Amino acid sequence: MIIGSHVSMSAPDYLLGAVKEALSYHANALMVYTGPPQNTRRKDIKDLKVEEAHTLMKENGIDLRSMIVHAPYIINLANCAKKETFELATEFLSKEIERVNAIGASILVLHPGSHVGAGEQAGLDKIVSGLDIAMQNMGNVELAIETMSGKGSELGYQFEQIRYLIDHAQYADHIKVCLDTCHIHDAGYDLQAFDEVLAHFDDVIGLDRLVCLHINDSKNVRGAKKDRHANIGFGEIGFQTLANVVHHPKLANVVKILETPYVEDHPPYQFEIEMLRNHQFDERVMDKIKGDTK
Ligand code: FE
Ligand code: FE
Ligand code: ZN
């Protein structure tokens, strides 16, 4: 199983530090933001310790393809209202694709965007035009559009909407998909019947496009369109359902990334990864995360 979590890429070790953090969770995959997710200020690639990070990954048997990059969530390609916002988004996204190539990763996860009142169809068409501008130099990178919860005016909460982007974008060969369990649950998909969800995904998008899974429980009931992540086994989706997703035979080669919340300032990932790998819920997991075990 290829499984890890989002990790931080911060001073002084940047990408090397991100890999070290992933190893501390016994992970064999990781997801990073190239800088703060809420803004577009970015460090020079030469300061990110890319070589050292690759060496450490190699020494520990982590494949470069298991290092995922998440684009900052301020990128909104669906914004039809503000011309500057759209231009900023396309410009930043194309630079981000360059950075992802430079750090040797091959999957960039992107939230498709929110139409902020323009309507779903207008928003989807705006995303297509944004992708056509930003995706001109993909190199070795594939863009993984994330399935969203439908919170606010978010697009991408139905597989059909992502299919629309693939059908209309010029560089569709480089468009893949990241499926987030919390998001699709909040969007109304029934993860208890995961085989049916996956069959539907295959019909509409095609399983060959699925390159990343975000494994999160949800604080809200199915269809709530809220997007609030819960720790594995502590939300409305539940441990067994999530364990079935990560152990699904058709998804063995898909990279799995946890984005669950910290527990009282403690990262939960080492313990959540362990439980998922073992397919066994641990009653004492919260104590272990908090370091309260004797
Ligand atoms: Fe995301
Ligand atoms: Fe996600
Ligand atoms: Zn989310």
Side-chain angles (χ1 to χ4, degrees), residues 2-9 18 27 29-40 66-78 89 92-93 96-97 100 105 107-114 127 131 141-159 161-162 165 175-189 191 197 201 205 209-232 234-237 242 245-246 251 254-262 267-269 272-273 276:
I2 309 160
I3 188 166
S5 67
H6 64 167
V7 290
S8 64
M9 189 164 79
L30 61 151
M31 183 173 80
V32 297
Y33 287 88
T34 59
Q38 68 279 12
N39 71 46
T40 54
S66 308
M67 179 168 72
I68 311 277
V69 179
H70 198 308
Y73 39 74
I74 48 140
I75 292 187
N76 184 5
L77 294 182
F92 186 85
L93 182 56
E96 187 78 341
I97 291 163
V100 176
I107 298 171
L108 175 62
V109 173
L110 176 75
H111 293 184
S114 300
I127 297 168
L131 293 175
V141 172
E142 292 174 330
L143 192 71
I145 306 276
E146 183 164 351
T147 59
M148 303 307 291
S149 69
K151 173 184 66 185
S153 63
E154 254 175 15
L155 293 163
Y157 63 88
Q158 286 169 334
F159 299 158
Q161 294 175 334
I162 293 176
L165 301 177
I175 299 180
K176 305 286 169 181
V177 177
C178 170
L179 188 129
D180 186 311
T181 54
C182 169
H183 296 177
I184 67 167
H185 162 90
D186 279 31
Y189 290 96
L191 286 161
V197 173
F201 184 98
I205 296 173
R209 299 241 187 211
L210 184 55
V211 293
C212 180
L213 287 164
H214 284 170
I215 306 298
N216 304 304
D217 214 326
S218 173
K219 291 197 166 146
N220 292 284
V221 294
R222 179 158 78 90
K225 300 198 166 178
K226 294 272 205 219
D227 188 7
R228 293 192 60 217
H229 301 187
N231 289 104
I232 304 298
F234 292 88
E236 295 290 331
I237 302 175
L242 291 168
V245 172
V246 300
L251 306 178
V254 181
V255 180
K256 289 131 188 134
I257 300 291
L258 296 162
E259 304 173 298
T260 49
Y262 273 42
Y269 309 117
E272 292 184 329
I273 288 169
L276 287 169

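All ligand and atom numbering here is 1-based and tracks the order in the structure. Values in this document were obtained by computation on a predicted structure and should not be read as measured data. Residues: numbered from 1 along the sequence shown.
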Engineer: Hey, does the side chain of Tyr269 reach the backbone of Tyr262 with a donor-acceptor pair shorter than 3.5 angstrom?
Structural biologist: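 No: the side chain of Tyr269 does not pair with the backbone of Tyr262.
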Engineer: Provide the protein N, O or S atoms situated under 2.8 Å from the Zn ion (ligand 3); waters are not included.
Structural biologist: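 Protein N/O/S atoms under 2.8 Å of the Zn ion (ligand 3): His183 NE2, Asp227 OD1, His229 NE2.
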Engineer: Just by modelled atom types, is the Ile232 backbone N or O under 3.5 Å from a matching donor or acceptor in the Glu272 side chain?
Structural biologist: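 Yes, because the side chain of Glu272 sits within donor-acceptor range (under 3.5 Å) of the backbone of Ile232.
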Engineer: Test side-chain contact (heavy atoms from CB on, under 4.5 Å) on Met67 and Leu30; report intermediate values, then the result.
Structural biologist: CA-CA 5 Å; Met67 179 168 72; Leu30 61 151; 4.2 Å; yes
Engineer: Looking at His6, Glu146, His70, His183, which one forms a side-chain hydrogen bond (donor to acceptor under 3.5 Å, both in side chains) with His214?
Structural biologist: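 Single pass found, and it is Glu146.
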Engineer: Do any protein N, O or S atoms sit under 2.8 Å from the Fe ion (ligand 2), and which ones are they?
Structural biologist: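 Near the Fe ion (ligand 2), below 2.8 Å, one finds Glu146 OE2, Asp180 OD2, His214 ND1, Glu259 OE1.
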Engineer: For the backbone of Glu259 and the side chain of His229, can you confirm whether one donor and one acceptor N or O come within less than 3.5 Å of each other?
Structural biologist: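 Yes, the answer is positive, given that a donor and an acceptor are paired below the 3.5 Å cut-off.
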Engineer: Let me see the working for Leu77 and Ile75 under side-chain contact (heavy atoms from CB on, under 4.5 Å), right down to the final yes or no.
Structural biologist: CA-CA 6 Å; Leu77 294 182; Ile75 292 187; 4.3 Å; yes
Engineer: Sub-3.5 Å donor-acceptor pair from the side chain of Thr260 to the main-chain atoms of Asn216, do we have one?
Structural biologist: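 Absent.
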Engineer: Please check this pair: side chain of Lys256 against backbone of Leu251, looking for a donor-acceptor N/O pair closer than 3.5 Å.
Structural biologist: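 Such a contact is found between Lys256 side chain and Leu251 backbone.
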Engineer: Under 3.5 Å, is there a donor-acceptor pair linking the side chains of His111 and Glu154?
Structural biologist: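 Distance-only check fails for His111 and Glu154.
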